[in-house]
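Structure first, commentary second.
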Protein chains: 2
Amino acid sequence: MSIYKEKREQTKNSLINSFWEIYEKKSLDKITIKNITDKAGYNRATFYVHFKDINDILQCIENQLFDSFDKMFKLTDIENYDQEYLLKKSIDLFTLNTRYYRLLLSPKGDPYFVETCKEKLKTLFHSIEKNNSSFTSNNVDFFLEYTVSGLISCILYWFESQPFPVEDLFNNLYKLIAACTLLD
Amino acid sequence: MSIYKEKREQTKNSLINSFWEIYEKKSLDKITIKNITDKAGYNRATFYVHFKDINDILQCIENQLFDSFDKMFKLTDIENYDQEYLLKKSIDLFTLNTRYYRLLLSPKGDPYFVETCKEKLKTLFHSIEKNNSSFTSNNVDFFLEYTVSGLISCILYWFESQPFPVEDLFNNLYKLIAACTLLD
DNA sequence: CATATATACAACACGTTGTCGAGTTTTGAT
DNA sequence: ATCAAAACTCGACAACGTGTTGTATATATG
């Protein structure tokens, strides 16, 4: 029973890894299931034992990232966060799994993944900003949209060129976010 | 000669329009060439007379939008722009072709199109900001990345729900952009 | 009117997909 | 040791989408 599950996990991971290695080179719509199983050394039919289709294997990776996201930001702790701490942890999260985020957040990546990341970050920043009475309901949503999309784009921009150390990434972003927060 | 070109244009436009109508309902990877030609009333092979593949027909639409973009922002005039005027014209541009932008900029859309729009807007905002000596070279790029991606996301956000009149869209965005500009 | 060219079509060969039933090997239980 | 179940392989299948080629019709040119 335990060896069954282990073997199953191993095959599944092997397929996921092979998929990702191909995805790092090819765009999603050019990848065939045979590409993946050939690289992993399995029969094409084995793929369908573990996944529904190519999108399913991508979603599988994304869900793992979402799990690590949720683990990092336990909802019970949020009350004690401030903007600075939240930004720090966000940068930590993205840099920890750079290999996946730098691709998934890029134009070659998955726009729906970006969307979900944005929504998750919005929730976090909103819970911090909710005591700030200077925002009307509409303005908060607008501010969050602006902040979070800027945040993600800048982190991705930093991934690509890494023009300065991660501390400056934090400082630059913190300045920008703080400036927008202090509006009437 | 004139009848050929007219007929050609007509067929091409018919295919483009049919494609877009389908694209408004289905995601790109589910659209087949037969879908398009059936709707337009042509043989599938006719598609290949005018376009290389499905991506080519999308690029064709995008290029038309880029043309209207460039026409709106003649590079010679930029010297006389200020931040306020540039933002106004940007909002004009997007709202004028809402039908196309709201889809192409969305998660269902084309990330590479978004990327090009961002680059074009960056160039414009950069030419205005270049006199502002408070930015170092790295900081300018960073500021532009943050501003432009926030700008586009917010316009798209406004497209979806339209929670307030377009004047407020401008005012809210102007406040956010101006706040970030005034950093040391 | 004859010839050349442009447009659209019908048919073809090819690759990918998702599924199936049958067979093999490895593991677990009695 | 024996039997059952699980994981995977194999070969084959129909269905579908793709891109190309040769051909017929409409239009333009000399």
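First the proteins, then the strands, lettered A, B, ... as listed; each starts at 1. Every heavy atom of this structure was used, including side-chain atoms; hydrogens, water molecules and symmetry mates were not.
- Mapping A:Q10 and B:D53 onto DNA chain D by nearest heavy atom places A:Q10 closer to the 5' end of the strand.
- Aromatic rings of B:Y146 and B:F142 (six-membered ring for Trp) have centroids beyond the 6.0 Å cut-off, not under it.
- Counting atom types as modelled, B:R44 pairs a side-chain N or O with a base atom of D:dG19 as donor and acceptor under 3.5 Å.
- Computed from coordinates, the A:R8 CZ to D:dA5 P distance equals 17 Å when rounded to whole Å.
- Taking the six-membered ring where tryptophan is involved, the planes of A:Y101 and A:F94 are perpendicular, since the angle between them exceeds 60° and thus also 30°.
- In this structure, A:T32 does not reach the C:dG15 phosphate: none of its side-chain N or O atoms is under 4.0 Å from OP1 or OP2.
- No donor-acceptor pair closer than 3.5 Å links the side chain of A:D67 to the backbone N or O of A:Q64.
- For A:Y48 and C:dT16, the OH to P distance is 11 Å, given to the nearest whole Å.
- When each of B:N35 and A:G41 is assigned the nucleotide of DNA chain D bearing its nearest heavy atom, the one mapping closer to the 5' terminus is A:G41.
- Between the CD atom of B:E6 and the P atom of C:dA6 there is a distance of 17 Å, rounded to whole Å.
- You'll find that the side chain of A:K7 is closest to D:dA7, out of C:dA8, C:dT17, D:dA7.
- Taking only side-chain nitrogens and oxygens, B:N43 never comes nearer than 4.0 Å to OP1 or OP2 of C:dA8.
- Between the NZ atom of A:K30 and the C1' atom of D:dT18 there is a distance of 13 Å, given to the nearest Å.
- The nearest whole Å value for the distance from the CD1 atom in B:I33 to the C1' atom in C:dG15 is 14 Å.
- Mapping B:H50 and A:I54 onto DNA chain C via the closest heavy atom, the residue that lands nearer the 5' end is B:H50.
- The aromatic rings of B:Y23 and B:F19 sit parallel, their planes meeting at an angle under 30°, below the 60° perpendicular limit.
- Of the possible polar contacts, one joining the A:T37 side chain to the A:K34 backbone as a donor-acceptor pair under 3.5 Å is found.
- Remark: P of D:dG17 and CZ of B:F47 are 14 Å apart, rounded to the nearest angstrom.
- Set against D:dA7, C:dC20, C:dC9, the side chain of B:A45 has C:dC9 as its closest nucleotide.
- Distance A:K52 NZ to C:dT17 C1': 12 Å, rounded to the nearest Å.
- Between the P atom of C:dA8 and the CD1 atom of B:I36 lies a distance of 15 Å, rounded to the nearest Å.
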